Each structure stands twice: as C-alpha cells, then as structure tokens.
Amino acid sequence: MLSEHSQRYIGRFAPSPTGPLHLGSLYAALASYLHAKAQQGKWLLRIDDLDTFRNVPSAAPRIIEALQIYGLHWDDSIFYQSQHLASYHTVINQLLAQNLVYPCRCSRKSLANTPIYPGYCLHRQVETNTAHALRIKTTNITLGFDDEIQGQLIQSVAEQYGDFIVKRKDNIIAYQLAVVIDDYRQNISHIVRGFDLLDSTPKQLFLQQLLGYPTPTYCHVPLIVDQQGNKLSKQAFAQAVSLKNPEKTLYLLLTLLKQNPPVILKSASVPTMIQWAIENWQSQPLKKIRAINEGIH
Ligand code: GLU
C-alpha cells in the first residue's frame, strides 16, 4: 500500500543492543538526529534485537539512557524488532512462495575462501527438514544510488555479493531483510548511518525493489577511527560513552561532525548545544569523508 507512504521526513536510529553506545555509534546517532530535526522531521528509535546470540540484556536500556542524557529524544514509541517476529516470517513465506529464495546448507567453513557465494545450493536438492539458511536469488541488474555524503554508488549485487542470506541457519532473520522490512513499515524517508553500512546498501536496494518498497534517501557519515585508523566498535571493545559530563563529549562530537561549534558553546547545557546544532546543521562539510580520527579535531 504505497499510497499510505507519505513524503515527509522520517529518520531513525537503529542500534543493535550488543553493547553500550561508543563514540562512533553516538556520532552516527547525533548526525541522524540533527539531519532529521534540521528538516523538521521525525526521528524514530528502533532496537535491532533479532540476533539473540549477540544481544546483551543490559545494552538496550543503557543505549536508551545514553540517548536521553545526550538530548537525543526520539518520536513515537520505541520499536523492538523482537516483538515483530511473525511479520518477518510472513515476508519470508511470500519470498518462498514466489520462488525468490532457496535453501542453503553450506557451512561457513566450506565458504571461507569464496567471498561471493558461488551458488552451490541453487541447483541442488537441499533437504529442508534439517537446519538450513535461505538465500535470495540475485539478478545481474545494476543498482545505483546517490548518497548525500558519499556520492554515487553503482553496483551489481549479483556480481559484487552473490546470493546473500535472508534467513540464517539458526532461523534468525538476517539484518539485510529485517532492516528493509522495518524501514518500509516505519515509513523511513532518510537513513543516516555510519560508513561501514554503505556496502550493505545495494543489497537493501535490491530487496526493496523485489518487494516493491520505495528506496529512502541514504547518507553515510564517516566512521570514527582510533589513532591507529581502526574503527571504534563493540567488537574491538571501544569504550562506552561517558554519561557524566555529556556537554564535553557533545562538543567533541559536533567538532568531529565538522559543524564548527563556537567556543562559547563549550559552557552551554546539552539542550542549548542540541538546539544550536539543529539550527546550524550542515552535512556538506562531511562530503566524501569516510573516516575521521577521534584524536584530530
Ligand atoms: N542495527 C545496525 C547496527 O547497529 C544498524 C542498522 C542500520 O542503521 O541500518 O549496526
């Protein structure tokens, strides 16, 4: 029912609750919030908690608390993916019925040297009464989009990634599919997120086209890297952002977002800083930047 999908700005922040927010994730959240609010848009919070193996029980409340302390107030109620399992399976069943996916029992080990899936299971009869993944049948069409910050990207999903997984062997809905379903369901018009997800975007475009969903506008902000150039990530045990003295971190983040905050803002409160940042937000200074060193500002 595409007609119900209005044109107004709706953005979102969709963290996976696998650990507390670190500087890099708060940076992306702030950019996404400011981009939405500078355009009088809504900003939604979605907790991407489908991966029960990686979820950390205390992470979601800690993320929520950090967003509140940093003055990033979301609109509407929080959406938890885990509360909508049936809806993902409905789409999976639809894809199965249309013969757009196929079962795959290849082990991760057997694919270790093949970054692009060679289609082993596409042409063989795979037992479906034991654990199996589902892969989408990709086609050789080229998909392009104009990222607001990173510029144009044109790729063929089939050539670049091959048939990718939409449901994992452990029955968990893969991120690529869940994100597309939810961005559609939540009427998301603008996706502002970290550069590390740029590579996922063509797969998401492919799924959107297959399912008849509109494609939102994308905007991939630089990654915050440490002195050695490594991405700050939970896997690399990046430190959780401090909840004490958020003004100091917020000022740093505005600097890393290249917003050029005036020195006088250093002594301002969180709401004042956020208000200034909304009124002065520009994505232009981040153009084509993929990574920013946390120590250089
Ligand atoms: N849940 C994903 C993550 O934390 C991000 C989803 C998205 O922004 O598309 O990496």
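Indexing begins at 1, ligand by ligand and atom by atom, following the structure's order. Atom set for the values below is all heavy atoms of this structure, side chains included, hydrogens, waters and symmetry mates excluded. Values in this document were obtained by computation on a predicted structure and should not be read as measured data.
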Over 60° means perpendicular and under 30° means parallel, so tell me whether Phe79 and His84 are parallel, tilted or perpendicular. parallel
Hey, is Phe13 one of the residues with a heavy atom under 4.0 angstrom from ligand 1? no
Heavy-atom distances under 4.0 Å decide this one: backbone, side chain, both or neither, for Ile191 against ligand 1? neither
Under-4.0 Å salt bridge between Arg46 and Asp183: yes
Pro15 to ligand 1: N or O pair under 3.5 Å? no
Under 4.0 Å to a heavy atom of Arg193 - the qualifying atoms of ligand 1, by number: 7 (C), 8 (O), 9 (O)
Under 4.0 Å to a heavy atom of Val179 - the qualifying atoms of ligand 1, by number: 9 (O)
Side-chain donor-acceptor contact under 3.5 Å, Asp49 with Ser82: yes
Under 4.0 Å from a heavy atom of Asp48: give me the atoms of ligand 1 that qualify, with their elements. 1 (N), 2 (C), 6 (C)
Which of the numbered atoms in ligand 1 are under 4.0 angstrom from any heavy atom belonging to Arg12? 7 (C), 8 (O), 9 (O)
Does the structure place the NZ or CZ of Arg185 under 6.0 Å from the centre of the six-membered ring of Tyr88, at an angle of no more than 45° from the ring's axis? yes
Do any N or O atoms from the side chain of Asn55 and from the backbone of Pro57 form a donor-acceptor pair under 3.5 angstrom? no
Six-ring centre of Tyr161, Lys203 cation under 6.0 angstrom, axis tolerance 45°: yes
Element-labelled atoms of ligand 1 that are located less than 4.0 Å from some non-hydrogen atom of Ser16: 1 (N), 2 (C), 3 (C), 4 (O)
